[in-house]
Every structure is written in C-alpha cells, then in structure tokens.
Student: 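Questions regarding the structure given below will be posed in turn.
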Amino acid sequence: MSFETTRLAELADHDAFIKRHNGPSSDDMARMLDVLDTPSIEALIDKTVPSDIRLGRELDLDAPRSEAEALEYLGHLARQNRVAKSYIGQGYYANHMPAVIQRNVLENPGWYTAYTPYQPEISQGRLEGLLNFQQMVMDLTGMELANASLLDEATAAAEAMALCQRSNKKRKSKTFFVADDVFPQTLDVVKTRAEFFGFELIVAPAATLAEHDVFGALIQYPSASGELHDLKHLITQAAERDIMTCVATDLLSLVLLKEPGAFGADIVVGNSQRFGVPMGFGGPHAAFFATADKLKRSMPGRIIGVSKDSRGNTALRMAMQTREQHIRREKATSNICTAQALLANIAGFYATYHGAEGLRKIAHRVHRLTTLLATGLKQAGVALAHDSWFDTLRLTGVDAGKIHGRAMTHDINLHYFADGDVGLSLDETTTAADVATLFDVLLGSEHGLAVGVLDEEVIEKKLTGIPAELTRESDFLTHPTFNRYRSETEMLRYLKRLENKDLSLAHAMIPLGSCTMKLNATSEMIPISWPAFAHLHPFAPRDQVAGYQQMIDELAAFLVEVTGYDHISMQPNSGAQGEYAGLLAIRRYQAAQGEAHRNVCLIPSSAHGTNPATAAMLGMQVVVVECDARGNVDVDDLSAKAAKHSDALSAIMITYPSTHGVFEARVREVCEIVHRHGGQVYVDGANMNAQVGLTRPGDFGGDVSHLNLHKTFCIPHGGGGPGMGPIGVKAHLAPFVPNHSVTPIAGVDAASGAVAAAAFGSASILPISWAYIKMMGARGLREATQLAILNANYIAKRLEDAYPILYRGENGTVAHECIIDVRPLKAESGISEEDIAKRLMDYGFHAPTMSFPVPGTLMIEPTESESRYEIDRFCDAMLAIRKEIDSVTAGEWPADNNPLVNAPHTQADLADDNWERPYSREVGAFPSDAVKAAKYWPAANRVDNVFGDRQLVCSCPSIDAYRS
Ligand SMILES: *Cc1c(COP(=O)(O)O)cnc(C)c1O
C-alpha cells in the first residue's frame with residue numbers, strides 16, 4: 001500500500017454518521033437523478049423549493065461529530081447531573097425496571113421503531129401489550145373502561161375536566177372543583193385548560209366539595225400530602241348533587257387501597273410511571289384514563305378493542321376511531337394524537353411480569369416501611385399532618401432548614417412544602433437501611449430509633465396507615481395473561497412472541513406520509529438508558545440537573561438556528577400539545593395587546609385533524625380555507641376570509657410544505673395577508689423534514705411552529721408515542737410560552753401556566769434529537785433534507801405511470817412526500833386504497849398513510865434514511881400490485897376473490913385445506929422474490945372494524961377466545 005498523504009485531521013472520519021443516517025450512496029443518488037432527468041441534486045431542489053424562501057447559506061451549527069465523539073460529549077453532560085436518592089414523590093417515583101423488559105422492549109428497535117397500530121394485521125403484538133395495559137388499569141382502578149394512555153397525569157386530569165363538562169347533562173354549571181391537595185403540576189395544567197374553555201375553578205379542601213355549584217370535581221387519592229381522603233363520603237355527596245367526580249390516583253397504592261370505581265367515581269386518571277418506567281426528569285411515561293362505561297363514546301385518546309378477522313379469529317385493533325381528531329376535527333373530544341404507547345406497553349408488561357402477587361409484595365413493602373417510618377417519627381415527637389398514608393408522609397412543625405442540610409450530606413432529596421412542612425414518599429427501591437438513614441436525616445443522628453425494634457412493634461400492633469373502610473377487598477389481575485409469565489424465560493418468550501407479530505423499521509421501510517419514519521440510530525438511543533439521564537426527578541434541585549439544563553439549552557439553540565425563530569419552549573410532549581402551547585402563546589400575546597377578542601382561526605381544508613381540534617380547545621372559531629385544484633391554499637379564498645374576519649382574526653394554521661406534499665410558492669404572501677389583518681401565523685412543523693437547511697419557517701413569515709422531534713429529529717415512534725413537540729416562537733411570543741409552577745422557567749411570564757406536567761416535557765428522550773443534530777452537523781442535515789426530497793421524487797417518477805400523482809409543485813416536482821390517487825383505479829376495478837394497503841403486507845411492507853389528507857389516496861414519505869435498494873423494492877411491490885389490479889379489471893380474477901381483497905394472507909390461509917381461490921398459495925403469500933427470501937407474516941387476516949365497534953370489548957378476552 002502506498003503512503004497516504006492525507007492529513008491526520010481528515011483521517012478522523014467525523015462525518016461517517018451522515019452516510020449511516022442517509023440511505024442513498026452517492027452512486028445511488030446519481031442514478032436516481034438520472035431517472036429524474038435532473039443534472040444535480042441542487043437542480044432538483046431549485047425546482048422544488050421556491051427561491052424566495054431559500055435560506056441561501058449553510059446552517060450555523062458545529063461541524064458533524066462521530067458517534068463516539070457525540071456519546072463522549074453526552075457522557076460529559078450526564079456527569080454534570082447528580083443522581084440523588086429521591087423521596088420527592090409528587091407523582092414521580094424510583095422503581096426497578098425489570099431487566100428483561102429494559103433489554104427486550106425499551107432498548108429493542110422491534111418495539112420502539114413501530115408505528116401507531118392503524119394497520120392492525122401487522123400490529124397484533126403491541127395491540128396485545130396495550131390491551132394488557134388497559135386491563136391492568138381497569139382492574140386496579142375498578143373502572144369499566146380504560147384507554148391506551150395519555151401524555152401525562154396533568155393533561156389527563158385536564159381531559160377529565162373537559163369530559164365531565166361535556167357529559168354532565170344534569171348540571172350545566174361552568175365551574176369545576178379541584179381539591180387543594182392535588183399535585184401542583186396538575187393544578188397548573190388544569191388551570192391553563194380551564195381558562196380557555198371558559199371554566200371557573202374552585203380550589204378548596206376536598207371536604208368542602210359538595211358545598212359548591214360545580215359540574216365536576218378532581219380529587220387526588222392519596223393526596224399530594226399523602227392523605228387518604230374518604231372517597232366514599234366525597235363521591236356519594238357529589239353524586240347526590242349531580243357533580244361528576246374524577247379521581248387522580250396512584251396505581252401502586254390501589255393494590256392496597258379500595259379502588260375508586262368501587263365508590264362510584266366517574267373518571268380515574270393517573271400516571272403509570274412507577275410501573276417500571278424511569279422518572280427521566282419528567283418523562284416520558286404513560287398516563288392512564290379510565291371511565292365508567294357510559295362515558296365510552298366521549299373518551300379521549302386511543303382505545304384498543306377486541307374484534308375478529310376475516311377468518312373469524314379474535315383480533316385486536318384501535319376502537320371507535322371516529323371519535324378522534326382525524327375524523328371529528330374541531331368537534332373531536334380532544335386533540336390527542338401521539339400518546340405514550342411504548343411506555344404503556346412497558347407498564348403493562350411490568351404488571352404482567354409481577355402479577356398480582358408480585359405487586360402486592362411491592363406495595364406491602366412500601367407501605368410497611370412508610371408505616372415504620374411514621375411510627376418512629378411519632379415516637380420521636382414529630383407531628384404528621386395526617387393519620388392516614390400509603391407511601392407518603394407530611395411532617396409539620398419541623399425545622400426544614402436543618403433537615404435539608406442533613407439530607408444534602410446524605411445525597412437525599414425530600415419534598416419541601418412552601419409552608420415549611422417536609423414531605424417524603426417511599427417507593428419500590430426503598431430498603432430498611434434507607435429508612436434508618438431517613439431517621440438520621442429527619443431527626444438528627446441522636447434519635448435512638450432502631451428499625452428492627454420498630455418493625456416488631458408494627459407487626460405486634462398491626463399498625464397501618466390505611467383506614468379499614470379504604471382497604472381493598474377485590475381481586476385484580478386475575479386474567480391468565482397476568483399469571484403466566486413469572487419466570488424470566490417465559491417472559492422473554494412472551495415479549496419475543498409479541499414482537500414477532502409486529503412489523504417495524506427493523507423489517508422494512510414504513511413509508512407513512514406526514515409521519516417521517518426515519519432512522520432512529522442506535523447511538524442516539526443509548527443515552528436514554530444512562531442512569532444520569534433516566535433517574536432524575538423533574539423537581540430535583542436545579543444544581544443537580546446542570547447536565548440536563550445544558551443539553552436542553554444546546555438543543556434549543558440548535559433548533560433556533562434550524563427554524564429561524566428566537567426562542568424554543570421544550571415543554572410540549574407531542575405535536576398536538578405543541579399546537580396547544582403555540583396557539584396559547586398567540587392568545588396570551590393578543591390579550592396582552594388588548595386584543596383578547598381575536599378568536600378566529602383560519603385552517604386550510606388539508607390540515608391535520610389536530611389543528612382544528614386544538615383551536616377548538618382554545619375556544620377559537622375555526623374558519624376553513626379552501627384549497628385550489630393544485631392542492632395549494634386558495635389565496636383568494638384566504639384573502640376574502642381574512643378580510644371578512646379581520647376584526648376577530650387571531651391566527652392561521654398552515655402546514656409547510658403542505659400536507660399535499662408541495663412547497664406552495666405563495667407562502668410568504670399567505671403569511672403577509674394574515675399579518676395585515678392582525679393575525680399571527682402558526683406553521684405546523686410536522687413537515688420540517690423537507691425544510692431543514694433549505695428554508696426556515698421563522699424567515700418566511702411564521703410566528704410560531706411546533707417541531708415533532710419524533711418525526712424529523714429521530715425520536716422513535718414507539719408504536720404510538722412517546723414524542724416531543726417543542727415550539728419555536730418569535731421574540732414577541734417568547735414571554736407567553738408555558739411556564740411551570742414547581743420549577744419556573746427563566747424568561748417566561750410568571751403568569752403563563754403549564755401545558756404539561758413537567759417543565760421540559762419528556763426530557764429524557766431529548767438526547768436523541770441532540771445527538772442527531774450533533775452527528776449530522778449543518779451539511780448532514782441539509783443533505784438529509786435534499787435526499788428526502790430526492791427519494792420522494794424518485795418514487796413519484798417510478799410510480800407515476802401506474803398511479804396518478806395527485807399534486808405537484810409549479811415545476812412538476814413533489815416535496816418530501818407524494819400522494820398517489822387510487823380513486824380512478826377504484827372506479828374501474830373496485831380495488832380500494834385499503835386493499836392496496838393490506839396487499840402491501842403480503843409484500844412485507846407497511847402501508848403508506850391512507851386517505852389523509854385526501855380520501856381515496858395513499859401518501860408516501862420515504863425519508864432520507866431509505867436506500868435506493870429499499871425504495872426500489874417498495875416501488876417494485878407497488879408496480880406488481882398495479883398489475884394485479886389490472887388482472888381484476890380485466891376479469892382474470894373476480895372482484896370479490898383476488899389477492900387484493902383477500903389480503904393480507906396468513907399462515908392460516910396457507911394451511912387451510914380448502915384453498916378456494918383463483919390464484920395459487922404462492923401468489924397469495926409469496927408474491928415477490930424478496931419475500932421468498934425473508935418472509936414477514938401478518939398475524940391476523942383482514943380485521944373487521946365495524947364488528948369491533950358494534951360490540952365494544954376493551955378488556956383482555958378470555959384465553960378461549962384466542963383459541964376459537
Ligand atoms: C403528526 C402530525 C401532527 C400531530 O403530532 P402528534 O405528535 O402526533 O401530536 C400535527 N400535524 C401534522 C401535519 C402531523 O403530521
């Protein structure tokens with residue numbers, strides 16, 4: 001080998017990651033450009049992105065870092081965090097995530113890269129996991145119905161308030177009651193929501209509930225101070241006065257406490273975090289939401305239900321989707337879209353693994369240690385605020401300063417109430433030795449208490465903090481699912497069995513338009529498991545979270561540069577939540593200008609359902625703007641409507657490039673029109689993947705955008721969450737982004753309430769986006785955007801003769817996604833977009849986005865991470881399917897018996913002795929060479945949606961039902 005003359009600096013491969021993240025090689029690129037008959041990628045971009053909005057320079061970011069360098073730097077940041085022992089409680093508790101779940105679910109791309117289970121035939125594994133979660137919540141809360149997760153406990157409580165108001169037909173008051181000892185972060189979020197729903201809040205002691213004329217009430221059980229309210233009394237009194245009750249609760253406590261459902265609660269909410277999910281400095285974890293059966297049609301969020309497939313076998317799917325925002329838009333029950341599916345699955349598996357007897361052991365130990373602590377404290381003369389408890393005590397009349405000093409020397413965090421009381425919550429990780437240390441901290445070292453002696457006393461006197469009338473009597477987790485997987489071997493196989501039913505990015509591309517299913521690189525994922533990121537309490541003292549703060553500040557600075565905005569709020573934990581925070585900032589800003597009356601929100605007809613649903617939650621009047629024949633916002637219609645509503649115009653919500661997959665050339669004009677009429681411009685940032693490094697919403701007229709970090713910035717979808725939806729705002733809106741009552745955020749108006757339970761939302765997944773940007777650098781990010789656009793145009797080119805491309809830009813190109821129109825084909829063949837979607841499963845692919853934003857179409861988004869090989873494989877499948885459709889049209893196959901309408905094909909089909917089909921088994925199940933080489937089997941035949949909605953079952957079916 002000849003001597004290399006390369007400089008050492010160049011030998012270090014700083015940009016190796018760019019080639020790993022971006023699918024096409026430079027050879028691929030050249031060949032794809034050839035097919036497009038375009039000389040260069042720059043020429044393609046010039047044709048696609050309007051020149052008057054081009055950035056014209058490289059983003060000002062650091063040079064790309066290698067994976068090793070990025071991890072090393074993140075490790076350095078992690079070491080600035082200090083993991084103290086947390087007894088803060090207040091909704092967040094340390095716990096032991098079972099290692100078998102950590103490795104096989106949390107850290108397993110088979111689970112975390114899957115999409116929301118809209119295609120049930122290839123999602124039966126996570127659907128079963130989520131059904132377990134629902135069953136667990138129903139059992140522990142004693143309710144008839146539970147959904148498959150919400151974003152956090154605080155937003156769940158806010159949703160509960162809205163649900164009470166919608167459903168309470170007897171009491172039409174506009175006032176909601178909140179007990180004064182709910183978690184402060186919950187009260188904060190409920191306050192924010194109430195303001196724009198136009199509700200009054202009464203915050204008072206729980207015992208006074210029945211004195212007020214209110215439509216509903218929120219009670220915490222156990223309370224933030226640890227007290228166990230007499231739910232029977234409170235709920236009965238409320239019911240007599242037609243007040244609906246919502247109980248915020250803790251799942252572990254319900255193992256020992258009488259379940260709220262037994263007292264007649266209408267709604268029960270809470271956080272499942274302590275079931276195996278790390279605190280993560282605030283998230284992500286799955287909130288739960290359970291109701292009485294009568295409220296099922298107005299339940300927010302997704303519900304997994306039991307149905308059957310075309311063979312009559314039990315099959316799961318998402319139920320009652322017609323309630324959701326993508327159908328009901330501004331009339332939807334809530335704007336929730338991305339929730340916390342991965343974390344709900346983990347919490348459900350925690351219950352599956354431990355079973356009722358395991359949970360009882362954990363709950364008993366926590367309660368016993370708390371009782372022991374309470375007994376010792378009382379003996380030492382410390383006054384407790386309450387004589388009931390599960391795991392939380394509140395000490396009154398103590399010297400908080402002294403306790404704080406001693407706690408710090410032991411690296412222990414306690415909860416310090418504003419009035420000088422000290423609170424603490426024990427958890428699964430607490431040991432007898434920890435309690436001994438707590439005595440030292442709370443009493444000073446001279447206390448003379450011995451844990452062993454106290455334990456004898458607790459046993460002898462049968463001491464407990466749970467009043468007899470609040471003691472649980474009913475069974476829970478009796479279903480076989482919760483009783484089978486006690487050994488790790490069995491659990492491992494159960495998790496693997498479920499994983500194998502699902503199609504994820506580990507199998508094939510998932511070309512879902514608007515969802516940006518790109519690579520979630522392993523090195524981006526690794527830091528989320530590090531204790532220094534995973535084990536921090538969101539209310540930990542600021543000097544213990546310096547590494548987090550710096551990482552968040554750096555990520556915010558990256559995103560400021562990427563978007564052209566002035567400030568980022570990292571609080572919203574989904575795109576829809578970001579929309580809420582963004583419109584909220586607009587409304588607060590306008591109110592501060594004396595323009596609180598502005599409440600009209602213009603929304604193009606192509607918008608995602610979350611847009612109108614969010615506007616409605618802020619009490620805005622949605623006015624729909626039409627699109628023209630090319631799919632663009634109809635500027636004349638916009639002008640007319642902006643003029644008509646000029647006095648009341650608050651905002652427009654546009655998506656850019658539009659959900660039609662096109663960069664609208666007149667976007668600047670659209671923004672100017674709205675500004676001229678006194679409105680603000682909300683740019684839905686779900687499509688940032690087509691903008692990064694090429695154009696910035698903050699430059700072409702946007703005032704605020706949310707960014708789906710779980711789309712463009714590499715946080716995995718987790719089968720329907722987690723996500724993060726931070727917002728970028730212009731300087732004038734910066735004071736009005738959400739604040740937080742427990743951990744105030746610098747630079748934000750103190751009066752701006754929270755939209756999420758934690759100040760920085762789901763902070764523990766932010767290292768993923770940080771690492772992505774760090775490893776790509778300005779050039780890598782720009783190339784990613786260019787390749788996303790190239791890949792989409794290449795697909796449009798390859799498919800255009802077989803399927804008409806619905807919308808294109810002025811120069812005939814598409815943006816980062818393209819819509820193919822299936823309606824003409826359907827008219828001549830009877831084959832629908834759904835048949836194509838299901839047939840793609842036989843070819844080993846997930847379907848593109850179906851019937852959004854245009855009914856009867858498929859929207860394809862490849863992302864930059866897919867190689868030409870994979871894209872060709874997908875296009876080949878789509879073209880082969882087109883030939884199959886032609887065979888139906890030509891009458892070679894009957895319209896009601898062909899590989900398309902019978903798709904997907906399962907192993908059950910192949911094993912069936914009665915193969916009564918006009919095509920071979922091979923055509924059915926092995927239609928391409930690729931699947932002959934490696935076959936992914938759909939776990940169910942076509943699932944019947946109507947059947948499942950007619951007979952709604954959202955609990956685990958008996959095992960016999962699975963066999964039938
Ligand atoms: C995904 C998406 C949203 C909603 O984001 P979530 O994180 O699911 O709440 C909003 N608008 C558009 C255009 C989207 O694609």
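All ligand and atom numbering here is 1-based and tracks the order in the structure. Model, not experiment: these values are computed from the prediction. The first residue of the sequence shown is numbered 1, and numbering continues consecutively from there.
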Student: Please name all residues satisfying side chain to side chain contact (heavy atoms under 4.5 Å, CB included) with A613, sequence neighbours left out, ordered by chain then number.
Tutor: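 Partners of A613 by the side chain to side chain contact (heavy atoms under 4.5 Å, CB included) criterion, ordered by chain and then number, come out as Q325, A332, N335.
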Student: Can a donor-acceptor pair be found between the side chains of Y682 and H706 at a distance below 3.5 Å?
Tutor: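 Short answer, yes.
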Student: Is any NZ, NE, NH1 or NH2 atom of the basic residue among E159 and R193 found under 4.0 Å from an Asp or Glu carboxylate oxygen of the other?
Tutor: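 A salt bridge is present here (some side-chain N lies under 4.0 Å from a carboxylate O).
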Student: Let me see the working for D821 and V854 under side-chain contact (heavy atoms from CB on, under 4.5 Å), right down to the final yes or no.
Tutor: CA-CA 9 Å; D821 193 353; V854 185; over 6 Å; no
Student: Is D703 paired with K730 through a side-chain N to carboxylate O contact shorter than 4.0 Å?
Tutor: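 Judged by the 4.0 Å cut-off on N to carboxylate O distance, K730 and D703 do not form a salt bridge.
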Student: Does S762 reach the main-chain N or O of G283 with its side chain, forming a donor-acceptor pair under 3.5 Å?
Tutor: no
Student: Can you list every pair where an N/O of ligand 1 is under 3.5 Å from an N/O on the protein?
Tutor:
unit_1   : atom_1 : unit_2 : atom_2 : d
ligand 1 : 5 (O)  : N708   : ND2    : 3.0
ligand 1 : 7 (O)  : T338   : OG1    : 3.3
ligand 1 : 7 (O)  : G575   : N      : 2.7
ligand 1 : 7 (O)  : N708   : ND2    : 3.2
ligand 1 : 7 (O)  : H710   : NE2    : 2.7
ligand 1 : 8 (O)  : T338   : N      : 3.1
ligand 1 : 8 (O)  : T338   : OG1    : 2.6
ligand 1 : 9 (O)  : G575   : N      : 3.3
ligand 1 : 9 (O)  : A576   : N      : 2.8
ligand 1 : 11 (N) : D684   : OD1    : 3.4
ligand 1 : 11 (N) : D684   : OD2    : 2.6
ligand 1 : 15 (O) : S514   : O      : 3.1
ligand 1 : 15 (O) : S514   : OG     : 2.6
ligand 1 : 15 (O) : K711   : NZ     : 2.8

